[in-house]
A.B. asks: 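What follows is a single structure, and I will ask about it in a moment.
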Amino acid sequence: MYPRPPRPRTSMPEETPLERERRGKVARWRADGREPYPWEFPGRVDTAVVRAACAGLAPGADDPARSFRVGGRLRIVRQHGRTAFADLEDLAGPLQLILRVDELGESAYRSWLADLDPGDILGADGSPALSRRGEPSLLVRSLTLLAKAITPPPEKFHGLQDVEERLRRRYVDLLSSEAVRRRFRVRSLLLRAIREHFDAAGFLEVETPVLERVASGAAAQPFVTRSNYLDAEVQLRIAEELPLKRLLVGGLERVYEIGKVFRNEDLDSIHAPEFTELEAYWAYADYHDMRRFLEGLYERLAARTVELLPDDPEVARAAGRFRPPFATLDFVESLEARSGIPDILGKSREELRALARAAGSTVPDGSSTGTFLDKLFEHYVEPSIDRVTFVVDFPTATTPLAKRHRAKPGRVERFEVFAPGMELANAYTELTDPDEQEERFRSQLGERGDDRYAYDADFVEALRYGLPPTTGIGFGIDRLVMALLGLSSIKDAILFPPVRER
RNA sequence: GGGCCCGUAGCUCAGCCCGGUAGAGCAGGCGGCUCUUAACCGCAAGGUCAGGGGUUCGAAUCCCCUCGGGCCCGCCA
């Protein structure tokens with residue numbers, strides 16, 4: 001039932017001549033009693049400290065009274081006989097090292113230049129100096145090899161261009177591209193800003209199980225595995241919704257979770273089989289409150305993004321979309337207006353199926369009413385969305401976990417946020433009536449062949465204890481990062497996107 | 001799942017249409033140069049042309065299949 005997985009690759013690729021050359025250097029190093037992979041390098045400062053210390057020096061001058069130790073990756077060596085320039089790079093940026101026979105001594109100078117290669121991790125001690133051309137530098141007094149690179153880094157100017165290699169070996173992509181390092185650093189800092197926003201509003205960050213007996217809370221194919229403890233099949237979660245709402249029944253009032261969810265479907269530019277989802281549930285509030293809260297978050301993230309990447313016009317354009325005021329579209333009104341179809345809510349499932357077919361949808365005949373409505377919206381309205389837009393008040397059939405609209409019959413209180421080309425967030429006033437919840441689950445199941453949402457009897461039972469009026473939201477962090485940075489592929493927002501065995 | 005495109009040295013790329021001994025730059029090796037910024041100059045070396053099959057006197061090049069990747073479409077709240 002569960003075939004043994006293929007073993008990960010354990011054999012190394014054959015050694016290249018370049019690698020043989022570098023191994024020879026390691027061997028020489030060891031033969032001299034020196035350690036090419038030492039244990040520590042205390043007292044290091046980052047390169048920005050040295051660059052700052054160069055301020056005020058005259059071109060060609062150095063300051064022997066001050067001394068610094070730096071460490072990082074060696075990128076390029078420019079040799080000029082008895083002087084050489086080496087570019088060292090750490091997370092703070094690049095720093096030029098000046099190596100001189102006069103400082104290092106003839107034999108040390110020669111042997112260092114013979115043994116160093118681009119890609120090596122190198123430590124250096126020396127004094128701040130400005131080159132004659134005015135480049136902030138470290139005039140080196142001594143060097144320490146911190147890790148010999150056996151495999152050479154990609155070409156110094158073009159870096160790693162092959163998209164496949166960049167994804168398979170993200171570490172090479174990172175080490176050869178400052179822009180890639182910066183992008184993932186920004187993702188991390190944006191995630192921190194999101195946490196700050198929720199924390200400041202009194203939300204509690206919680207964790208709920210990834211392994212569930214039946215994955216629920218959304219419509220998606222689950223990944224299936226096995227638990228020895230339960231002696232049963234388990235599924236990886238496809239949403240966080242139902243466990244989080246149980247926590248509000250338990251009185252936690254405001255909770256959020258940031259974690260991976262798993263949907264066993266194809267990878268494309270806006271879908272990944274495992275992605276980072278944030279879901280938040282807020283008791284004693286409705287979807288209007290949630291919209292205001294989300295707008296505040298967007299405004300904060302837009303500002304933070306531009307602050308982190310001030311010189312990128314593409315980022316400025318993308319992040320600029322997340323400043324209020326935001327557009328609003330009523331689901332039913334906009335669909336009726338764009339399609340010319342009257343009385344959408346009055347249509348039967350069969351009529352909607354025919355309309356969806358006419359609009360080019362190929363979903364199965366047995367799909368639910370909600371699916372056909374989604375397809376119609378996707379066809380008639382979505383392509384025209386050219387800014388961050390709140391689509392509001394969906395037909396009840398599209399959304400089994402949302403509360404019916406207090407004023408619009410046939411609708412639920414729900415909004416989805418769309419950016420051009422993708423859906424960004426989904427929120428609603430939560431359905432809290434246990435009997436209605438049970439009825440909605442059953443009517444979904446009642447539609448022929450539709451198993452979009454697993455019936456979760458335990459969840460209905462939880463609602464019977466009483467869930468306060470509540471609003472909830474879910475959004476994918478990866479897509480939000482894409483939208484804020486103007487990335488066109490979700491793989492550019494994920495450090496290690498899935499790749500097939502080669 | 002369907003269509004189109006791509007895979008040549010460690011890296012970045014020519015060569016493919018129109019079949020005739022596999023090229024360059026970077027990196028690495030050897031030599032030169034005490035202020036360069038992708039340093040520069042000289043010399044030598046480096047290849048399973050993704051893999052397999054076919055056509056041909058001869059295939060990186062033309063044809064078929066497979067693998068991997070990209071884009072678009074379909075599927076996927």
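Chain letters run A, B, ... following the sequence lines, proteins first and then strands; every chain starts at 1. The figures that follow rest on heavy atoms only: side chains count, while hydrogens, waters and symmetry mates do not.
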A.B. asks: Over how many whole Å does the gap from A/Arg169 atom CZ to B/G69 atom C1' extend?
C.D. replies: 14 Å
A.B. asks: Considering only atom C1', compute the distance from B/C6 to B/G20 and round it to an integer number of Å.
C.D. replies: 26 Å
A.B. asks: Output the rounded distance in Å from NZ (A/Lys375) to C1' (B/C73).
C.D. replies: 12 Å
A.B. asks: Just how far, in rounded Å, is C1' of B/G10 from CZ of A/Arg23?
C.D. replies: 14 Å
A.B. asks: Looking only at atom C1', what distance separates B/U61 and B/C18, rounded to whole Å?
C.D. replies: 10 Å
A.B. asks: Rounded to the Å, how far apart are A/Glu265 CD and B/C75 P?
C.D. replies: 12 Å
A.B. asks: For atom C1', what is the distance between B/G29 and B/A45, given to the nearest Å?
C.D. replies: 7 Å
A.B. asks: Please work out which of the three classes, parallel, tilted or perpendicular, describes the rings of A/Phe418 and A/Phe377, given edges at 30° and 60°.
C.D. replies: tilted
A.B. asks: What does the B/S/- profile of nucleotides 28-37 of chain B look like, 5' to 3', with a 4.0 Å heavy-atom cutoff to protein?
C.D. replies: SS---BBBBB
A.B. asks: Both A/Glu279 and A/Ser489 contact RNA chain B. Taking the nearest nucleotide for each, which residue is further toward the 5' end?
C.D. replies: A/Ser489
A.B. asks: Would A/Asp330 and A/Lys408 pass as an ion pair if we require N to O under 4.0 Å?
C.D. replies: yes
A.B. asks: Could you list the donor-acceptor pairs under 3.5 angstrom formed between side-chain atoms of residues 52-60 of chain A and any protein atom two or more places apart in sequence or on another chain?
C.D. replies:
none

A.B. asks: Do any side-chain nitrogens or oxygens of A/Lys156 fall under 4.0 Å of OP1 or OP2 in B/A38?
C.D. replies: no
A.B. asks: Who are the ring-ring contact (aromatic ring centres under 6.0 Å, His included) partners of A/Phe394, not counting sequence neighbours?
C.D. replies: A/Phe331
A.B. asks: When rounded to the nearest Å, what value does the distance between C1' atoms of B/G10 and B/C72 take?
C.D. replies: 33 Å
A.B. asks: Near RNA chain B, counting only heavy atoms under 4.0 Å, which residues of residues 415-423 of chain A show up?
C.D. replies: A/Glu416, A/Glu423
A.B. asks: Write down the distance separating the P atoms in B/A24 and B/A14, rounded off to the nearest Å.
C.D. replies: 16 Å
A.B. asks: Grab the CG-P distance between A/Leu160 and B/G69 for me, whole Å please.
C.D. replies: 16 Å
A.B. asks: Excluding sequence neighbours, so at least two apart, what forms side-chain contact (heavy atoms from CB on, under 4.5 Å) with A/Ala318?
C.D. replies: none
A.B. asks: For A/Arg66, is there any backbone N or O sitting under 3.5 Å from a side-chain donor or acceptor partner on A/Ser127?
C.D. replies: yes
A.B. asks: Can you tell me the pairing partner of B/G23 across any strand shown, Watson-Crick or G-U wobble, with both distances under 3.5 angstrom?
C.D. replies: B/C13
A.B. asks: Please list, chain by chain and in numerical order, all residues satisfying ring-ring contact (aromatic ring centres under 6.0 Å, His included) with A/Tyr287, sequence neighbours excluded.
C.D. replies: none
A.B. asks: Expressed in whole Å, how much space separates the P atoms belonging to B/A22 and B/C26?
C.D. replies: 24 Å
A.B. asks: Nearest-Å distance, CD (A/Gln161) to C1' (B/A38)?
C.D. replies: 14 Å
A.B. asks: Can we say A/Asp173 and A/Arg166 salt-bridge, meaning some charged N sits less than 4.0 Å from an Asp/Glu carboxylate O?
C.D. replies: yes
A.B. asks: Calculate the interatomic distance between A/Glu165 atom CD and B/C11 atom C1'; express it in whole Å.
C.D. replies: 10 Å
A.B. asks: Can you name the residues that form a side-chain hydrogen bond (donor to acceptor under 3.5 Å, both in side chains) with A/Glu257, not counting sequence neighbours?
C.D. replies: A/Thr208, A/Arg237
A.B. asks: Partner of B/G42 by Watson-Crick or G-U wobble geometry, both contacts under 3.5 Å, or none?
C.D. replies: B/C30
A.B. asks: Give the nucleotide from the list B/A38, B/G69, B/C75 with an atom nearest to the side chain of A/His158.
C.D. replies: B/A38
A.B. asks: From the options B/G74, B/A38, B/U12, select the nucleotide whose nearest atom is closest to the side chain of A/Phe157.
C.D. replies: B/A38
A.B. asks: Quantified in whole Å, what is the C1' atom distance between nucleotide B/A50 and nucleotide B/A9?
C.D. replies: 14 Å
A.B. asks: Does A/Phe390 have any ring-ring contact (aromatic ring centres under 6.0 Å, His included) partners at least two apart in sequence or in another chain, and if so, which?
C.D. replies: A/Phe326, A/Phe415
A.B. asks: Which part of the nucleic acid does A/Arg168 contact within heavy-atom distance under 4.0 Å: base, sugar-phosphate only, or nothing?
C.D. replies: sugar-phosphate
A.B. asks: Taking B/C62 as the reference, what is the distance to B/C75 when you measure between their C1' atoms (whole Å, please)?
C.D. replies: 36 Å
A.B. asks: Each nucleotide N or O in nucleotides 6-8 of chain B that has a protein N or O under 3.5 Å away: list the pair and distance.
C.D. replies:
none

A.B. asks: Among residues at least two apart in sequence or on other chains, which ones pass side-chain hydrogen bond (donor to acceptor under 3.5 Å, both in side chains) with A/Ser384?
C.D. replies: A/Arg338
A.B. asks: Relative to the 5' end of RNA chain B, which residue comes earlier, A/Val499 or A/Pro364, by the nucleotide with the nearest heavy atom?
C.D. replies: A/Val499
A.B. asks: Report the distance from atom CD of A/Glu155 to atom P of B/A14, rounded to the nearest whole Å.
C.D. replies: 14 Å
A.B. asks: Among all residues two or more places apart in sequence or in another chain, which pass the ring-ring contact (aromatic ring centres under 6.0 Å, His included) test with A/His288?
C.D. replies: none
A.B. asks: By side-chain hydrogen bond (donor to acceptor under 3.5 Å, both in side chains), which residues pair with A/Ser142, not counting sequence neighbours?
C.D. replies: none
